[in-house]
Amino acid sequence: MKPAPFEYHRPTTVEEAVDLLGRHGYDAKLLAGGQSLIPTMNFRLAQPAVLIDLNRVEELDFLREEEGGIRMGAMTRQRAAERSGLVGRGAPLLAETLPWVAHPQIRNRGTIGGSIAHADPAAEIPAVMLALDARFTLRSSGGTRAVPAEEFFTGLFGTSLEPEEILTEIEIPRPAPGSGWAFAEVSRRHGDYALAGVAAAVVLDGSGRCSGARITLLSVGEGPALATEAAGVLVGTEPSEDVVRAAAEAVGRGIDPPADIHATAEYRRHLAEVLTRRVLPRALERARASAGA
Amino acid sequence: MIVEGEYTFSGPRDVVWELLQDPEVLSKAMPGAARLALVGDGAYEGSIRVGVGPVTAAEWKLAVTLQDRDPPAHYVMQVDSKGPIGFTRGSASVDLAETDGGCTLMRYRADLQVGGKVAGIGQRLIDQVAKMMTHRGLDALSNELRARLAEEA
Amino acid sequence: MAEPLAVTVTVNGAPYERSVEPRLLLSDFLRHGIGLTGTHVGCEHGVCGACTVLLDGEAVRSCLMFAVQADGHEVATVEGLAPEEGELHPLQEAFREVHGLQCGFCTPGFLMTLVPFLRDNPAPTEHEIREAISGNLCRCTGYQNIVEAVRLAAERMAAT
Amino acid sequence: MTRRYVGERVARNEDRRLLTGRAMFVDDVQLPGMLHVAFLRSDHAHALLRGVDVSAALERPGVVAVFTADDLGDYWQPGPLLVPPPPVEGIVFHEATQVPLAKDKVRHVGEPVAMVVAESRYVAEDALADIVVDYEPLDAVVDLEAALAPDAPLVHERFGTNMAAFVAQRHGDYDRARAAADMVISRRFLYDRGAAAAMENRVVAAQWDPLAEDLTVWDTTQAPIPIRNGLARMLGLMESQVRVVAPFVGGGFGPKIMMFYPEEVLVPWAAMRLGRPVKWTEDRQENFFATSQERGQVHDAEMALTRDGRILGVRDFFLHDCGAYDPYGLTIPINSQCTLLGPYDVPHYYSEFRAVFTNKTIVTPVRGAGRQHGVFVMERLLDIAARELGLDPVEIRRRNYLSPELFPHNFDILYQDFAPLYYDSGNYLPALETATEMIGYEGFREEQRRLREEGRYVGVGVVSYIEGTGIGPYEGARVTVDPSGRVRVATGLGTQGQGHYTAFAQIVAEALDVDVERVSVVTGDTREFGWGTGTFASRGAVVAGSACHAAAVAVRGKILAMAARVLGAAEEQIDLADGRVSVRGIPERFMTLGELARHANPLRGAVKPGTEPGLEATAYFGPDHGSTASGVHAMIVEVDPETAMVEILRYVVVHDCGRLINPQLVEGQVQGGVAHGIGNSFYEKLHFDESGQLLNASFMDYLLPTAMDVPRVEMAHMETPAPMNPLGLKGVGEAGAIPAGAAFAQAVEDALSGYGLEITEIPLSPSQLFELLQVARAASPQIQETAG
């Protein structure tokens, strides 16, 4: 299990990286934390001809608070985000979810941007970004564009990144007053790919009515999925147990989960429903606390 | 692994049938700049280029044989492929039925064996990749059908 | 640039200069490039944790890094853990005392995972210990005495 | 004697080296000019091999050689049959052992087809992609029942069947028991495959020294001496020309006793042929295809009982998956057959099995070696019988134990050592009572009811087992007092973490009354000790430990005789204590053992006729019978019926492995075994699809339990000494793994009482449990989970 040979570049600026990517395009692979890519290379499933290592691009490793929310560089280590008080305050859903991502040794190396760009359907971070309505900055030698998470994820390991583009920054909007959040997943063992997982971000107005909800799912489809029908069930109601149950049923209806050796499609669907029933009350509870405060 | 489903083509059955025998059209329904050539009666050979996510796109050799042909209603497609990280063997049974409004309903059921490295490591994704490739292929065929019908019109 | 690259890696405080192929895994560099065979390799896909070393003080899988990436960085391996020849680190001492190892193959990975863990969390609960080592597989011990060893080491390290 | 070591918690001698990264494992062997090997392995489970073209690989820079079966000439030979079939009447056995490289046909995914030798492993792997193999795929034999169908494809054509063996054994007359029974329970039980998954993969390194004309082989084997003997035979060398070293080995658990793996045959051969040292290090992926596995069996079993729950008889028909070859004979299914009887008084027993060739990786013993299947079947039958009879599961066990006065006890069936199944000693009821008390069985029902009202589903399982351990043929040991005063012990075993270095030191230190840290043990180096068999069947401590004891006792005799001569006193007057000898009552007339050892090897004068130089003795031990360890496991689980996830809340083991050499080591063995057993219950299953492809050939998908999944094991020891050896030892290496599945099934069923579901299959994944729950819910619509 040794990787095949590759041409190796280690740029120190985004400009340099973008330039290299422009030159090598389809033949190149960006190396961020490498915690998914390198095992795939060790199995020789991935054999990129060119590897562009972003680990020395310091400008991609930052985390700061801005007017509208949190902005972080794509090379922010997952562990750094997990430990950051800023993330704890400004994106508590992300903070709550990160400990579910693999193991500390992996998170020490793994990056937020790497996980987003990898877009594994079973990964927690893409689903959370979708729930948080994050925006991503993509840069190529041709320029820069911002893409909302909803448009970014496009099916199985699919993203709207062009071959010459790099994901450079992630922007997470500041939670509105009355926001609540929760995450849960079921995995065979702690740190494994989830059999199913649910992230929820909800907003309650002063009267306890749900004014916004984003429920996202992982491991039940080709990519991270936004459960729009389920969110629709919540919005406009004062969410009761029955509403939550109806939302969970909507989650089950809206997915076509894959089967593998660990879980049948039916089991995954069932878990997505159960998890929604468990996650929403927690998110709503927090929203009530926040709206009351 | 079983991949099965239904798909409706907005066009008459005999046109769909023809499309499904045309190597050029078939190669458009296959992933990654496929090449497919007719090498005998109902026998095709060629290659496709497949890569999913972090798995580097690579060339897979492909051999397709159509059997039990009952035009324009039924055939069985035997597909064998071999690539650097594994192989597939399998057959798909395809039934075409005319439906209201001049459409064609395709029912397919494929029994696929996946072998080699990709089977041992990629099991989590095989089901999804098969589904995705099927859906994309059928959509491509559907587009081709539309184009052909437009041409004829 | 698939050509060998010159790298300088500081391992357990000593600089090592080598010319390496970019694809050389850090685990292979440590074991076979500079002969520090205490770091073990169990899966080479980042699950078993046997190859865990410290990179600039944090635990990482050395099978999921290329040696070229460690250029200019500090790596710590199990060989550098004991303070002096003939002495043991409190974690090593505790592992020995409560039988926290059997075949010993996974042990270096556990130790290197635990060093930063106890640094950051000097008085962990049993659940925290178990979570901290959940990315390290051991087939011999059933983990019980490893957990015991961590508790013992934490107690002793707190006392000094 | 003043020093007591046997029975004490002595910290291990070997740990310092292991903890500081200075213990040598085989992959640490790095020699100048060393070449590295990668194997091209079959992607197909079953295919004709039409051709292998290695020409492109040979052209790749850095590749030194590529070998296929044709290159091996006469060296290409099927491996040895390690365990011949037992002399059971009417037995059928078809021998088909593995080959070094596939020729004409491949029979399982991962079977080696070509061997690449290159300057680095990286380059060797590059070259694998250059090799072109022409396969003609055949339908694969995967399912055990389908394998025996008349039109099934054949794994080995020459037998005309996939049946590898048929064995029927009987004790008493089951049909009569059945006729007299008040109730007969019958069920089908499945036990599926798992991997041993030692953390260290297999490694073989070899160096041929053309000047000394000797071959050194480093091998992660559990049996270095048989490897040496076999290699010498194959390579046409004398045994003394081959040295096999199994240094520190990173876990064995059975598969490392298998021999000869193709790689073990090929690496030494290549080193001789190429004149350079050669090493092959298995990677984890190869390990899943190429290292032997275990556990696939299907049982159709029935139990005849009286209405008060007394077992009248048991009948079992089962199929055993032996994979593509059967080099290990019938050890596993015979173990299943014999262990099924457990600690119970079963007057009538009929068991027959068919071993079946399949297109899967070879099956050889993995920790438990077939025993868990027997235990699972028996314990499940008892649980079901208890439920149907309205008896408490603990009570039905109590009623059926063999009582202490029935020992030694014989059954009329043959065990894996070909001796009649023989229970040397045992006392089972106290273990059950202790276990139920420790787990709080009495009060648990009340607690269970209370928690159920809160929406929590907890359940308890209590099961028993026995384990035949410590079988022959023999092991040996040499004990030497060094002139430094240190004592050296050499045995022929390989050791994989069991703590033999310490356990044997304890035995010898106690016999010679020296500090245990001054006893150094070497194992697994044929140049140090050349006679023995290996570490398997929970026998290391029992058999080699007894040999160490015998050798130490002999050295003690020599010490006393020599001291008497040197100190000028009668032997009876000599005190041996604290590493010195002295004359009783005259402490100033003493000599250290080191000084005495120098006296025993004089440079001048004469060694007296009839005596030997040195304070050294070699002894061997071969028991007539194995010794029967036993125990009770009790487990409390909590099930979330909504998610079908199971958490183990408590785990109690009461264990009897005779006299304990070192309780800490025994506890470690049991804890590790329990973890393995928990893996086999809920996490670890090798998934083969219908074409024989293994679908989870990595640690991503093959789930070893982690520290979050394995509970703390609460343990109590019973010590019923074994009469078969001087120290009263019984083996312990496999015990923990054996009953866990049965306990798990009982506990999960109990937690879900009211659902009416029955667990007859292990491992049981949450997805499977979910399906059982869905079926139960559909059958009884009144089931409604209380919100948790």
Side-chain angles (χ1 to χ4, degrees), chain A residues 1 3-4 6 26-32 34-51 114-115 117-123 126 153-159 161 163 187-188 192-195 219-223 256-265 268, chain B residues 1-8 29-34 48-60 81-88 90 108-140 143:
Chain A
M1 286 184 54
F6 50 83
Y26 276 110
D27 293 333
K29 194 86 190 154
L30 294 171
L31 175 61
Q35 304 300 287
S36 296
L37 179 59
I38 297 180
T40 317
M41 291 175 71
N42 289 357
F43 281 120
R44 295 198 181 214
L45 293 176
Q47 301 194 12
V50 178
L51 210 53
S115 176
H118 185 54
D120 191 308
F153 298 109
T154 59
L156 193 57
F157 290 102
T159 70
L161 275 166
S187 60
R188 293 294 316 268
D192 281 342
Y193 290 117
L195 302 179
S219 269
V220 294
E222 288 190 352
D256 176 20
D260 71 357
I261 61 169
H262 300 304
T264 60
R268 281 205 158 83
Chain B
M1 176 180 48
I2 304 290
V3 183
E4 57 186 335
E6 292 183 354
Y7 194 87
T8 302
M30 294 186 173
I48 53 176
R49 225 178 137 70
V50 195
V52 176
V55 178
T56 307
E59 193 170 276
W60 289 59
S81 74
K82 188 173 165 18
I85 55 168
F87 64 88
T88 67
Y108 58 91
R109 181 185 160 84
D111 188 351
L112 265 182
Q113 294 176 0
V114 179
K117 202 174 275 188
V118 70
I121 305 159
Q123 72 83 24
R124 178 170 76 93
L125 302 168
I126 286 176
D127 188 43
Q128 301 194 77
V129 171
K131 268 189 200 168
M132 180 187 77
M133 281 169 56
T134 307
H135 294 158
R136 286 190 186 166
L138 291 169
D139 288 344
N143 289 339

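Just so it is clear: chains get the letters A, B, ... in the order the sequence lines come, proteins before strands, and each one is counted from 1.
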Within this structure, what is the CZ-OG1 distance for the pair A:Phe6 and B:Thr56, rounded to the nearest 0.5 Å? 12.0 Å
Working to the nearest 0.5 angstrom, can you tell me the gap between A:Ile261 CD1 and B:Ile126 CD1? 10.0 Å
Validation row: A:His262, B:Gln123 side chains within 4.5 angstrom (heavy atoms): yes
Show the nearest heavy-atom pair for residues B:Lys131 and A:Pro258, with the distance to one decimal. NZ-CA, 4.1 Å
With chain A, the option among B:Ala57, B:Gly122, B:Gly53, B:Ala58 that has the most non-hydrogen atom pairs under 4.5 Å is B:Gly53
Heavy-atom pair of closest approach, residues B:Met132 and A:Leu156: SD-CB, 3.7 Å
Pairs of heavy atoms under 4.5 Å with chain B: top-ranked of A:Gly221, A:Ala49, A:Ser219, A:Gly158: A:Gly221
Contacting region of A:Asp120 [heavy-atom separation from chain B under 4.5 Å]: side chain
Can you tell me how far CZ of B:Arg124 sits from CG of A:Asp192, rounded to the nearest 0.5 angstrom? 10.5 Å
If I compare all heavy atoms of A:Ala46 with all of B:Pro54, which pair ends up nearest, and what's the gap? CB-O, 3.1 Å
Checking the side chain of B:Lys117 only, and the main-chain atoms of A:Leu45 only, is there a donor and an acceptor separated by less than 3.5 Å? no
Contacting moiety of A:Tyr26, where chain B heavy atoms sit under 4.5 Å: neither
Under 4.5 Å, counting heavy-atom pairs only, tell me which of A:Pro121, A:Ser36, A:Ala259 racks up the most with chain B. A:Ala259
Between CD on residue A:Gln47 and CD1 on residue B:Ile85, distance to nearest 0.5 Å: 9.0 Å
Let me know if A:Pro257 has heavy atoms under 4.5 Å from chain B in its side chain, its backbone, both or neither. backbone
Which atoms of A:Ala122 come close to chain B, meaning under 4.5 Å heavy atom to heavy atom: side chain ones, backbone ones, both, or neither? both
